[in-house]
Every structure is written in C-alpha cells, then in structure tokens.
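Here's the structure we're looking at; comments come further down.
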Amino acid sequence: MSVMELETQSQLSGEPQSIVNDFVINVATVNGSGSQTANTTIIRALFKMGIPVNGKNIFPSNISGLPTWFTIRVSKDGYTARRDKSEILVAFNSQTCDADLAALEPGAVCLHPEDMRFVNKRSDVIYYGLPVKALTKEAQVEPKLKDYIANMVYVGALVKLLDIEPQKVKDALSFHFRGKAKPIAINYEIVEKAANWVGENLKKLDPYKVEAMNATTDKILIDGNTAGGLGSIFGGVTLVAWYPITPSTSLVDAINDYLPSLRRDPETGKATYAVIQAEDELAAAGTIIGAGWAGARAMTATSGPGISLMTEFSGLGYFAEVPAVIWDIMRMGPSTGLPTRVSQGDVLKVYYLGHGDTKHVVLLPGSMKECFQFGVEAFDLAERLQTPVFVLSDLDLGMNLWMTEQFDYPEKPIDRGKVLSAEDLTKLGGFARYKDVDNDGIGYRTLPGNPHPLAAYFTRGTGHDEQASYSERPDHWLANLERLARKHNTARTIVPKPVIDSKPGAKVGIIAYGSVDPSVIEARDMLREQGVETSYMRLRALPLGEEVREFIGQHDVCYVVELNFDGQMHQLVQLHTPEYAMRLRSIAHCDGLPLTARFISEKITAKEQK
Amino acid sequence: MSVMELETQSQLSGEPQSIVNDFVINVATVNGSGSQTANTTIIRALFKMGIPVNGKNIFPSNISGLPTWFTIRVSKDGYTARRDKSEILVAFNSQTCDADLAALEPGAVCLHPEDMRFVNKRSDVIYYGLPVKALTKEAQVEPKLKDYIANMVYVGALVKLLDIEPQKVKDALSFHFRGKAKPIAINYEIVEKAANWVGENLKKLDPYKVEAMNATTDKILIDGNTAGGLGSIFGGVTLVAWYPITPSTSLVDAINDYLPSLRRDPETGKATYAVIQAEDELAAAGTIIGAGWAGARAMTATSGPGISLMTEFSGLGYFAEVPAVIWDIMRMGPSTGLPTRVSQGDVLKVYYLGHGDTKHVVLLPGSMKECFQFGVEAFDLAERLQTPVFVLSDLDLGMNLWMTEQFDYPEKPIDRGKVLSAEDLTKLGGFARYKDVDNDGIGYRTLPGNPHPLAAYFTRGTGHDEQASYSERPDHWLANLERLARKHNTARTIVPKPVIDSKPGAKVGIIAYGSVDPSVIEARDMLREQGVETSYMRLRALPLGEEVREFIGQHDVCYVVELNFDGQMHQLVQLHTPEYAMRLRSIAHCDGLPLTARFISEKITAKEQK
Amino acid sequence: MTTEARPTSEGNKKLNLLGLDRAEYKGRPSTLCSGCGHDSISSQVIAVAWELSLDANRIIKMSGIGCSSKSPAYFLNRSHGFNTLHGRMPAVTTGALMANRDLKAIAVSGDGDTGSIGLGQYKHLLRRNLPMVYIIENNGVYGLTKGQFSATADEGQVLKYAGTNEFPAIDLCMEAIISNCGFVARSFAGDAKQVRELLKAAMSFEGTAVLDIISPCVTFNNHDESTKSYPYGKAHEERLQDISFIPTFNEVQVEMNEGDALDVKLHDGPVVRLRKLTADDHDPTNKYSALKILEESNEKHEFITGLLYINENRRTLADVEHLVDEPLATLPQEKVRPSREALDKLMKSML
Amino acid sequence: MTTEARPTSEGNKKLNLLGLDRAEYKGRPSTLCSGCGHDSISSQVIAVAWELSLDANRIIKMSGIGCSSKSPAYFLNRSHGFNTLHGRMPAVTTGALMANRDLKAIAVSGDGDTGSIGLGQYKHLLRRNLPMVYIIENNGVYGLTKGQFSATADEGQVLKYAGTNEFPAIDLCMEAIISNCGFVARSFAGDAKQVRELLKAAMSFEGTAVLDIISPCVTFNNHDESTKSYPYGKAHEERLQDISFIPTFNEVQVEMNEGDALDVKLHDGPVVRLRKLTADDHDPTNKYSALKILEESNEKHEFITGLLYINENRRTLADVEHLVDEPLATLPQEKVRPSREALDKLMKSML
Ligand SMILES: Cc1ncc(C[n+]2csc(CCOP(=O)(O)OP(=O)(O)O)c2C)c(N)n1
Ligand SMILES: Cc1ncc(C[n+]2csc(CCOP(=O)(O)OP(=O)(O)O)c2C)c(N)n1
Ligand code: SF4
Ligand code: SF4
Ligand SMILES: [Mg+2]
Ligand SMILES: [Mg+2]
C-alpha cells in the first residue's frame, strides 16, 4: 500500500501500521564533510542485520563543498535497483534542503538539524529535528573533525527511529575503522547520545522500521571496482599502466591496495607485478601494448576521455594482434560530460575502437561476481585471442556498494594462449607468426627473450604477410583481414554466453546488460503483476553469438534496455539480426542516474498495453 | 571483342584490325625515378587529343627504389574506373618485370628497355625492345637526370606506336614545366628520338591506337586533393592546422600553393589566412576547435591514424558545439595499414567519432566537382550547425588524375550561421547560448571580442544548461542531448541529398558513395547488357535522409557497394531502415586497389542469376 | 592594454579607468576547497585586471581540465572562457588567438595538465609564442582526481594516499626557458603582492608569459614537509627580486631609476622594476644565467621566486604568419572568397 | 653484455665470442634512399652488435613511424622488433622492458617522431629511465612524408618544398639533460668511428642512453647550407672528445690512464675513455657544464659532437618498482595467482 493511504490511516488510528524493511533513505549532505563514514555505517549495520540493502552515492565532480546524496535502499524482497522516490530524507545540506523536501512524497519522513531553515516547510511530511550542535558539543575531537562526527547524529537518530540493532552499528564502525578503538568509541558515543535523545524527546510518527532477517548470510558488501581489481590480481596481472580518471581510479587503487599483500614474492619480498602511473592515456595504452607483446598480462583502466585517447593504440593492438586488457568504467559522455554520473555510452565506440575495419572483444559484467570473474577471464581471452579485450563496467557497478555472494576461486588454470617456446621451435623448425595453422584465425607467437635463433619476428601496424614481413600485396592484405574475421568469429564462440531466463509463453523479451540488470529484474516482477510475462536475456559479451538470434526468434518483440541516449546495444543487436530488425525496440535513457524498475516497466506496458 | 580473338585474327590476316581509344596502359617503374613526368605527359597528351582518360598511381610507402605502377585508362566511352587487366605494359622495372609480364592477357603488348632480362619471356605477347641507353646517351643533362629523361623513351615509343599527336605531347610537356623552354626541349628531344627510332626500326604488330575526339573540350585534369584545397579556399577558409600524413598531405600542399596568389590582401599583401603545421593531430584538432570557437573558418586534413588521434577533440567539438571542418583522405586501415593504398574504411568510425553518444555530419564527395563544392559547403554547414563537419574523400579521389568539367563559382553567399553581434545583443538584451530558440536544435553564439558586456559565455565539454553554466542536473543533461538530436535531424535535411537514377521497372538498386562511383556507372552498363537493369543511389552525406528509405522501398533488393571490409555503409543504411534490413546486401571489398566494374557486376549477377 | 586605476569616487565605489567597479571583474562563486591556493590566484587575477583597467571583452580565459583549470570560471565573468580538454589547452588557445589577433589569453593550467599529459603541447606552444599569460597552478598533485603525484612532485616525497614519488620532478620554468619562452617567472600563491606584480608585467608582455605559481592543495598536499605547501612556502620562499610594475604613463618613476634596481622596458612602454634581494648575480635577461640559477636552486632544494627570465625579442605567431591586421574571424566575404574571375583564370590555366 | 670480438679463424670467416659471423647481425635489405644517413647508422649498429658479441635474443628493436623508424628492420634479424606508432615508441618500449627485465632495447626514432608528436613521451620516458639505447636519426625534416620541417630544423632555414622555418629548433640533447637522462651524446652519421664508440658505450650504460645523431636526408635536406647535411657536417663537425670504449676484460688498458684523458667507468666494468679535443673545459659528468656547452654552441651555431653528459647514478624503472629478478612475462601460475586460501581469507574479512 502507498504511503499516501498510510498517512490517512494513521490519522484515523493514530497508530501507524509499520512498514518493515521496505523503504529508501536519502541522505543529503555536502561532499567532503565525511558523511561517507556515517552512510556506510548505516548500510553495513543493516546488512549485518541480514537485511538486503544497496547504497548509491550521487556525488558532484569536485572535491568538497557541493551537494551529494547517498541513497540506501532497504528491501526485504532483495531488490537493489535505484528507486526514484525515497521515504526517509536526511536533510543535512542547507543548499538543497528545500529541493530535497519538495521531492518527497506526502507522508514521507524528514530528519534535519533543528537549526535547518526550510523556506516553505510542507505540512504533509513528518519532521524530526535534531539538536546536532548540542549533541556533538562535548565530543573530544579537533575542531575540523566536528563536522565529521556531526553526521553520527543522524545515524543515532535512525538507529532509534528504525530500530537498528546498536551492536551492529558498533560492528559496522569497527569494520570501517579496521578495529581502531579510539575513532570507534568517539563515533559510537555520538550515535548513542543521539539515539537516547531521540528516545527521550521524539514521538515516532512514521511507519518505517527494520527487522533482522537472514538474507545476507555469507554475503559481502563490495563495489565493482574493488571486485574487478581483485579479479585482475587473481587473473595474474603482471603489469598495470594507467592514468587517473573518475570513475576508474578506484579500480587501480584497489589493485594497489591488495597487490603488496597478495603478490609479493614470499622469499625475496619483491614484486611480481609493476604498476606504472603513465603521463596520459596514450602512454598507458602504449605501455600495455608493449608489455602484452613481450608477454606480460597487462591491463589499464580508464573512462570515456581515456578511451578516446586509446583509439589509435587499440587499433594497433587489434591489427598487430597483441593481448591486453582495457577496463572502461563508463561515465556520462559525450566529451568530458559528467565524470561522476553513470552511463553505458561507450558500447558502440569501444566495439569499433580504431579507424579502418576494427572490431573488438568486449566483456560486459553485470554483477560483483562478474566484475571479479571477468577480471580473471579477460586475461585468458586476451592471450588466447591475441588481441585487446575490453571490460565495460560503469560508475554504478564500479563505485557503489553491492551485496554479493563471495567470489569463487578461479578453477581454470591460467591460459597463456599460443606461445611457442624454444623447444617448440626446435621441434617445428621455425614458425610463421600470422599463419592460421589451426583454422581458428589465431596464429602462434614467440616472446622476446626466447633464446631460439628462429624465435624473432617483426611486429608492425602496417600490411604484412604470414611471416610478419612488410607487404603491400593486395592478396596478403585480404588474406590477413579474412583471418582476423575468422578470429573474431572464434571469439564469438568462446566469450561468456548471455544469461537467459525464458518464460514459456512469454511474447515479450527483454535484452539488457551491465548495471541495468537489477532494474530489469525488478521491472519484470512489476510487469508480471500487470500481466505482462517477459523473458530476459542478459548479454555478457561482444561479439554477439547465435543465442541472441535464437532468443529474439522466440519472442514477438524484444526490448533492448540500456543506459545511453542512442540505444547503442540496440543498434548492435539489430546489425547482428537483420531478419528480426522490426522485432527490436530500444528503451534507452540517460540522465546520469541508474535506471529505475518503474521506468522500464512503464515504458514496456505503455507499448504493450495498446 | 577480346584481345584473344584479335590475336588469332591478326595471325590469319597478318594485318591486325585496330582497337581505337579503348585500352589500358600500365607503366611499371621504380619510384623516385621521375617517371611521373613521363606518365602525366602521356595522359595529358591523350587528354588534349580529346580522348577520355584516367590515371591511377599505385605506389609504395617509401621515398625511392620500390616498384610503382601508373595505369592509364583510355576509354572512348568515357569510363574512368580501374580495370584489372591492361593491354599495354611498359616494363621499365626489372624488379617486377616478370610478374608484370605474367599478369598480361595473351596478345598484350610489352614495351621494355632492350637490355631488360625476363626470366621466362612469354610467346603470346608482343614485345617492343627499346635502346634506352643509346637514345639518351647524348642528352645534355647532369647524370642524375639521365634516369629521369630515360622515361621519355617510352613516351616517344608510345607516341609512334599509338599514333599520339606530337604537338599534344609538346603541349603536355610545356604544361608540366610551366612553359620553361629548356626542360621542355630536353625532354621532347628524347621523345622525338625515340619516336623516330621506333618508326625506323620496329614493325607495329599490335592493334592498339588512338584517334582524336572532342570528348574533353573545356574539361580539366585534376586530383581531388587539389580540388578540395581550392574548394576550401573559395569556401573562405581562414585557418588551417594540420600534421603531415599520406594521403592527405597534398590537400594542404594545394592550399599552400594557391593561398598566396588568391588570398593575400591586395593593399597590404598580408595573409587573410593562417596555415599552422601542428606538432601532431591532437594539436591540429585542438587548434581548429579553438579557431572555430573564436570565429575562424577552420579546417584540417588527415587520414586514419590522425582521425583516431582526433577522437577526443571531435567529441568536444560536437558537445561544445564548435564549427570546424575535418577532411579524412581515407587510406587502408586498421592501424597504420597501407598509407599509399585506398579504402573507404573510416565511415563508421568517423560517423561515431568520440566516446559517449556522438554522431557527426559527414560529407561524401564522389567527383572532382564535389571535392571542390563540398570544400566550400563544409564551412557553411559547420557554421550553420555549429559542429565539426567531416569530409570523407580517399586516396583514389584525392591523389589520382581525373577529368572533370570546370568548377562552378559558389553562388550562395558565405553562411556564418547564428552569430550574434553587439547590436543584436543590445536588441535582445542578452542571450542563452544553448537555448533552442528556432526549434531546429541550433542555439545562438557570440564570438570572443564582441564588445557587448553581455556577450561572454563559458564553453565546456562538461554538462551545462541553456546559459552554458556548469550543471549536473539530470533534466539539463537530457534536454541538452535531446536538442543535439534535434540538431542532428536538422542536419539530415540540409546536407547534400543523394543523387538518384531510378530506372523504371528496375528491381535491383545499387547504393554507393565516393570513389566507387565510376566503377558502379560502368558496372551498371555491363549489367544492362546481361539483362539486369539497376537503379542507382549515390549517397553524398551522413546522416541519411528519407530519400534513402524511399529508394530502398522501390526495389526488391539493394546492393550497398563499398571499398572496405566490414560493409560499413551497409551497416549504417541497415540501422537507418530496419524495415528493409533484409533487402540490403553488402558488396564490400578491400585489397588496397580501387574497385573494378567487373567485380561489381559479377558479384551482382552471381546473386541475381540464381 | 595596461593603464592603472585612479581612484574616482562615484558614491563610495572605486572605479578604474573604464569606469568599472572591481566587482565587474569577478567570476562565479568558486567550488574549490576553501583555502585552495587556486582561489587566491583567481583573486589576484581579478585585482590586476581591474587595476590595469583591462577590457574583458578582449580577453579569453582558457584552461584544460583539473581543479586549477576550473579557475577561469571564477574570474572575469565578462570574458569568453573555454574549459577545454585535459592537457590540450595550448592547442585550443593557439587556434583562438590566431582566429582573432586582437585577443589576449589568460590561460590557467595545472601541473598535471601541463607537466604530465600536456607537456608536449606546452613546449610546442612556447615555440610558437602566442600573446598569452600561461598560469600554472602548481600543487604537485592531481587534485581533481584525489591526490596522485604529478610530474612536478619532488623526488622522494611521501603522501598518505599516493605513497612515495620515485621520479625526478619536471621543472616547468626550466622547460619554458629552453623552449625559448620570453617571460618565465615562479611565484607562490601565498605571496599575493609578487603574484600581482608578475601578473601585471605578464599581461603587458608581448608573447607567451609563463607564471609557474606554487599553489597549495590544502586537501591532498599541504603538509609542512611538502615543498608545495603553505607552511613550507611561507617558511622557505626566497624572492630573487622585489618586483614592481610601472605602467606607461608614469614616465617620472621610470626616470628616477635607483642604484641596485634593474628596469626592463616592455614593447609598448611599461616597465618592470626588479630590485635584487639575493646575493647571487642573476641576470634575468640572460637565458643561461636563468638556467644556472634554477639548476643550482634545484640542487640546493631552494624555493626561489621571481622573474627568472625576460626577453621580448621574439615575434608572436600572428606576425610570423604575416596576418592581416583585422581579426581573421570577422573578415568579410570579399576578403575571404576570391573573385569569379580568379576561379575562371585558374580553370583556364588547367585546360 | 659487453665483450669484444677476438678474431677466430674458421674458414676465412671472422667470428665473435658467440661464434657468430657478422652476417648473423644483419637485417633485411634497406628500402631507404641510397645514401640516406639512416642506413649508415644501421650498419654501425650491426658492426657494434657483432663486435660486442651481443646476444640478439635479448635485444628488442623498437621504433615509431618514419624513414628512420623503418631502420630496425634493416639490422639484427635475430632480434624481436616492433615498429609501433608515430611518436609512441617510448611507451611501448617501457611496457616491453618492464615485462621482461632481461631485455635491452635498441630504439630508433626520428626528429619528427621524437621532437614533434613524441616530445611528451620522450621526456617522460627519460624520467623513468629504462635500459635502452635511444637513437634519434635527426635530419631536420619529415622524410617519409616528403620533407616538411621538423621541430629540430634550424630557425630561418630554407627548403625548396617546405619554405622557410620560422621557429626555433628544439635541441633534443638539452631536453634529455634537463629530463635527467644519464647518457646524452650527439654525433654525425658521417662519423662512423664516433657513432660506433658511442654505441658501444651506450649499449653498456645501465639506463636510457640518448644518441642524437645528425643523419642527412639526401632526398629532402642535404644542401650545403643545411646544418643537417653531409657537406655541412663534414665541414663543421667539432668533436668534443676522442672517444674509445674499453670493454671490461682489458683491465690493463684501464690502468694506463693518460694525462688528458678522462676515464668513465660503467657499472659492470667497461670504461669510456674521453680524450679532450677542444679548448673548452667541458666536464661530461657535470649536468650544468653540459647545458652550458650546448647553450653556447647553439648561440655560436657550432656543430659539436661527442659525449655531452654521463651519469650512471639513477636506478632503472625495474629497480624502482622492486621487480622480482625473473621476467614478469614468464612467471609461472604459482607466482601470479594467489592461493585459494588467500581469496578465502579476503572474503571472510569482508563479511
Ligand atoms: C583525457 C583525460 N584524462 C584524465 C582525466 C581526469 N583528470 C581530470 S583532472 C586531472 C588531473 C588534474 O591535475 P592538475 O592539472 O595538476 O590540476 P589540479 O586538480 O591539481 O589543480 C585528471 C587526471 C581527464 N579529465 N581527461
Ligand atoms: C599519427 C600519425 N600521424 C602522421 C603520420 C605520417 N607520418 C609518417 S612518418 C612521419 C614523420 C617522420 O619524420 P621523422 O620522425 O623525422 O622520420 P624521418 O622520415 O625523417 O626519418 C609522419 C608525419 C603517421 N604515420 N601517424
Ligand atoms: S582538491 Fe586540492 S586543488 Fe582541488 S580544489 Fe581542493 S585544495 Fe584545491
Ligand atoms: S627520404 Fe630522406 S630520410 Fe627518407 S629514406 Fe630518403 S633520404 Fe632517408
Ligand atoms: Mg595539480
Ligand atoms: Mg626526420
């Protein structure tokens, strides 16, 4: 039932019927004010209570002083998608308090510092004013930390109002401060104070509360960039070359954080890896191409503008057939766009990255597990296919907090692909670098340093024959491109297959990928309630395979749902299945925020119910 | 009739029936040996005789010492497309003489220096050995010029054998040497000597000869880069920033050659233009974006690798809405590819150039006249649409010699687009840079230096509102992208329309663009002879318009013919007309050489005649 | 372009020669961290522009990407601005200034924007010599991406987030000097007066003037040990000279040249007066002496500020290219489209 | 890596310490113009590699794009080679050398490839200091694109096709020195012996050694007046020193150090002996003296060649990054994939 109805109800009964584990908290603060600690404390405490949660940070592209919002979705049903309305507003930013207030639905809750001045205070919202200054006055911290701990006041208030287990808040704080007693104590003291004050001074008028569940047992909370970084480490990365850019930076940060403990040589303590901060993305791309050529498992992570700068090197990697892994944590483009907002706008660009006839292998993780798993597999695919492999994640997956089952240890041994040793060469009596020996489009390569006198070959981005010698001959050029096309078809068969959930009798199919997944899952439930049964195919890689054709063939209409303006995947799917061009519909939206389930279901019902 | 039949005939009659103005001469030499002079002399002499000709230079990517071929097509019917077989070989390169010889059809002719050693001399070819050394011995030139004039020997031989008018050869030489008496005399002397020697010592055994026509009256011979350079100058270019790259360099060379005489201020003698050789393509792109922003008619010319490096700036130009003109003289890609070989491989890449949701305006000249005309119009479109406009030419159009009618003087006055003067601002009392006042998606801009106190605005590649102020608001972002989409649709209606030749009752349509045009024209005649009537739509710009949909709708099947591997335009047409996806077939080929009519007609008949 | 404010009282507002109040030279409110060195530089730009009565309409504000590169939004609202791409401001500025030779650019960049991704464009811009003030707000880190080391960070420096910097620092002043830049100065955001006087001189310099200003990042690089911090700068700054800018019209002052002061006269009249403050015999008109003092101070880990090198003998690009006097941007059709006859003649010549 | 050929007669073939004939160090036939300076440099590389008995399998040949960058195809067929992208060889080489620290690179670039499009990467490569010989085949023009001026062309130089160069030349040696490169030399393709001795020293140097070799483009820039031409070089070359490379094993020679000769000992034993040939008191171990002599010779339009600066005190990037001794490229799975337990522990810690 809607909050509206509740309102009226509670007016009658005077005693609101409670809404348990199913609401959204929107914390509005100023960035750089340390609210992250407070917000992660709340979300982790709820998580530790066994309640499904998801946290999304909507932050500005500057370092401090601008508005930022952290939304916590609490969902007993386990939905993790963004929802556009929130029931509980923590209005701790005077710049935006009125706009934030105006955005609330009637009957919603608003926590705020008691001295917060609203221009027009709505009458249909429940207010809880908090004496922030008073509660933090005696705290034993240096002045500049005062603001930080002030955020603990709303944590304490929520603990009381929502009935969050205090012990879990302690646990959350100790997780955050890695067990350091002092900060834990200082912060918890405020939480307790605030909770007590609320208990003694406020009457709860709203219906929202939480109750312990066991829906998060053995799960962890993590962001996709950390997951991807760990995947890269367990995938055996040996060289990282990068240039800082939001929102990809934290992926390399994670790698830097975990490498020392996981990848130092036990005897010598030396590094089995190199992380190089390049002077720009051209250099980062060039460095991993050089490293991949010489045999390293090399990677970089970047975002839109960096991808544009890597265009020429991506073409070289494709044509000279050099393995490398390139993560694109997608943000809003075109151009510099909005660095701290999410999109899936680089799909077309990356698939065709490079001038001339270029087509790349692209992985599309849709969960924390896949960020980890594809972090591992990207290297195997790159070395097997001897080509740059792109991993397209985005800001929502990469920088927000997601629940996930623990990651599985990679069972498949590392695949270094077709590399000839000196012994091989002795057996074979030589080799032709670009000869399609196995008819899969993939030649055999040697690594520099191979001591065999016949090991050397010359790599170039210009025309070459099977022996890798320079050639301008038309037949050589054509044969080479035809082999590369064969290789692309080989890739088609070995990249991760789509995940398909076909509902018998469903006439409507949904095709999506990446961070849109949770919204689609929720939207399908909404649609089902409205009598629209749907099948679902979540794409996990490019190039597209036969399954895509089959799936579309089984449905009257397929909606390609994505977070960009041009319906980029819709275009690629249409090109892949011209025979079904008219069955495909594009649901593309891009305003910087993750898609909501409601948006998707409304779009589809709008089209299906006429 | 084929040369084969002729052979046999001539054996019988002993007196070959002559073949007039319908054959191909293939001159095989070493680059850097000065054969260009000889070859252009021949082709211009024929041209001056009123005979339709076309010359194509197949040259290596180095400076001297490697094989190069110059093919001259002589066609009474006016065909200018490349033909894969040649009737007359001038074998002046010992490195390739045997391969060149082997490639000849039986009955063909081979001119060669008498001392040229063929490994296996074919018996079914007519040979004319020439005493090159003897004929050039007494020439009064410095030793290093000896090789150069040696090429005049085959000119002379052809004059005699083909019956070329000597006076026209003189005219051609004087055209080449801009009337300089000495070099004309020196070269002509050799031509005459050789002609006489042939007359006195050789018996003509082949059927090939030329006869004067009047098919070239008032026409000129020119290459597309010169045409494009002149177009840019008459289009009012004021700033050129570039970085050398084959095959685009000669476009800027032409601009540099003609600017001083055409665009110096008559009074002061000062330049009304600036040509800046940048340090690379990133800088070249940045420079024209800065210049276009400040009000210059700015352009650059580049090729594949340069386009890749211009990706980020192209996205900025699109999103910040800055006019600029970018010529891409396409060569073989991916990667460095083959710098001296032709392709149409950058179509997809350029249309989508930039990360995020980017789509550009692209012009596709298909003739010398259009290289000139689009050189002019590109600036008007760029300033009208306030966006980078790309002109996609290629090596075949750009660097080879084509007959063309003289260029028409641009009648439309220069269009500077929506620029507000100080007076306008006083009237309007201000402006909003990105407001869609006219509902065509195009806002009004001011130029730096405008003295009005309200003239200034702030340009950025980040999110912005109508006033050009920084904004991260979802609604602002969406509104902006929607306006850009409207602008793209405006472009759709004002870019050059396709040239359509619909044949009543034709079930087969051909869609092509650019340098492929002459091959399609000839192929259609071949197909007609075989009973396959075709309609033809030559695309001249992106985005595609409604005419494309209509044309396809009128035919059972449409072949998209292009010079790349992936059928890039085929993909764009399919995306434009999903309803006709299954009517479209791709005929894409890419081996570095211009398409032949035979190839196209065989592909189509193969599909149509079963 | 350089004239100085004479107090005219209109109400209680102080107006400059253009009759403009200081506020007219302001920009939008800054969104940088409070205390950021960049903001203090912005306020000096505002002060100088007002004092010199600069015509904002003939100034363009150019920048790359970074916290520093956001600065142009925070001064001179009345000037056109372009926040371009990371490391590519030099190319865009080159195009803009060639399109309209009446413009002068105030360009702001960061140490990452100029020293890392933009080093090549920086050096090539200096080779071309365009009329602009190139301000590098140098904090030794990438502020906007949260504090990684930039190429100007000191070798061996340690930061909590970024760890230890193992690479030698790039000295952007030395780079400018060997790239034949004619005006090279180093300053410190905490030294308002010096920044102001150098800005005035730079604005009057015909050609590219580089100001490498140490501008502390209070959020990521402001510890006492950091040579890019306020505490360090305040404690260690060694001014080479006491600099004062003397606008054209005050001929008098220029005459009464005192003993140890060196007066450098700029092309259109104004004078930069340098009163030596240190022992060493640095001659700012001598390229080689500038290289020497930089090399030495680097070895001695000294933080010297002041005008390192000045030499106005190079022509700017517009002159090198022999441009017409009017801006290319606004040339009428008659000037940019050759005549019908010209095309005709051309075509005939190709027959 | 440095040992010298002792004549062993096997048949009439002269074999080096690896028992290899000189021909084994050859490359493919050159496709450059006959007489191109680049080809003479290639033959010196072949000579030196053979004389030093280099193991071709541990050398990688790297280049960008240009006539010069084609050179690696014309020497050391037995070494892996990578003809990368225009101006981007430094980044690719950095990756390759980090992937396998046992490799040494012989890199060839042009003045356009390094001085124009590649200037930024060149400078940042030198900051990182990788084990390689960086040869710049400097002809002042873009040869492969038919003779436009590059950034090293002399100001005021005139060429038939390119016209007049209005911009000051970039001195790639000076650039290298201020970028803290530890081995900086200039030579002339026409001076075979000097090129050879410098190459030997460079091959033995631990770190990046820059050889800026004037290498005439006989097709586009070889007129007597051109400072990049054979005639000019032959007429004006001024050798700073007479250089001889003394490999490790000849201890004797190193002892008998003569009066005016300076012996510079390299990390693993060999010695570079420099016998002064000019009056000026240049000390090649002093950065500042190197800057001075370059600055002066530029002003005096002198063409000095020789070892300008040498200083082996910097660590190479592999050491800075504390890499394991084995090549990263060939580490076995046990070394690069953490254990099942490690993942388990990690996951638990996140519960
Ligand atoms: C092509 C590209 N790469 C990376 C980024 C991300 N980025 C934004 S600002 C910045 C560094 C800014 O450092 P600096 O120039 O020193 O400015 P500061 O923030 O320190 O003032 C980077 C790497 C970008 N915007 N574009
Ligand atoms: C991105 C890119 N831009 C331009 C070119 C065209 N190009 C090839 S070589 C070259 C210049 C080479 O000059 P230099 O490095 O001096 O070598 P040289 O030929 O003189 O030996 C250029 C501009 C290219 N290959 N790639
Ligand atoms: S992060 Fe540093 S540089 Fe950026 S605004 Fe804050 S203080 Fe200034
Ligand atoms: S053009 Fe010049 S640089 Fe290139 S190969 Fe010929 S001589 Fe050498
Ligand atoms: Mg910085
Ligand atoms: Mg060169």
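Owing to the predicted nature of the structure, the values given are computational and were not obtained by experimental measurement. Within every chain, numbering begins at 1; the chains are lettered A, B, ... in the order of the sequence lines, protein sequences first and strands thereafter.
In A:K180, the NZ atom is crowded: over 12 heavy atoms of neighbouring residues, nucleotides or ligands sit closer than 6.0 Å. Around atom NZ of C:K26, no more than 12 heavy atoms belonging to other residues, nucleotides or ligands sit under 6.0 Å away.
Remark: A:N62 CG to C:L32 CG distance equals 8.0 Å, nearest 0.5 Å. Rounding to the nearest 0.5 Å places CZ of C:R88 at 5.5 Å from CG of A:L309. To the nearest 0.5 angstrom, A:T246 atom OG1 is 7.5 Å from C:K146 atom NZ. For the atom pair C:L144 CG and A:I63 CD1, the distance stands at 5.5 Å (nearest 0.5 Å).
C:K70 and A:S61 get closest at one heavy-atom pair: NZ-O, 2.6 Å. Between A:Q277 and C:F149 the shortest heavy-atom distance is NE2-O, 2.9 Å. Closest non-hydrogen pair, A:Y243 versus C:G112, comes out as OH-O, 4.2 Å.
Heavy-atom distances place the side chain of A:D253, and not its backbone, under 4.5 Å from chain C. Heavy atoms of C:C36 lying under 4.5 Å from chain A are absent altogether. For chain A, the nearby part of C:T219 is the side chain; its heavy atoms alone come within less than 4.5 Å. Contacts between C:L119 and chain A at a heavy-atom distance below 4.5 Å are absent for every atom of the residue. Of the atoms belonging to A:T336, it is side-chain heavy atoms, and not backbone ones, that fall under 4.5 Å from chain C.
Annotation: residues 279-286 of chain A contacts chain C through A:E279, A:D280, A:E281, A:L282 [non-hydrogen atoms, separation under 4.5 Å]. Listed in order of number, the residues of residues 30-40 of chain A that approach chain C to under 4.5 Å between heavy atoms amount to none.
Interface check for chain C: of the options A:G65, A:P244, A:P60, the most heavy-atom pairs under 4.5 Å are formed by A:P244.
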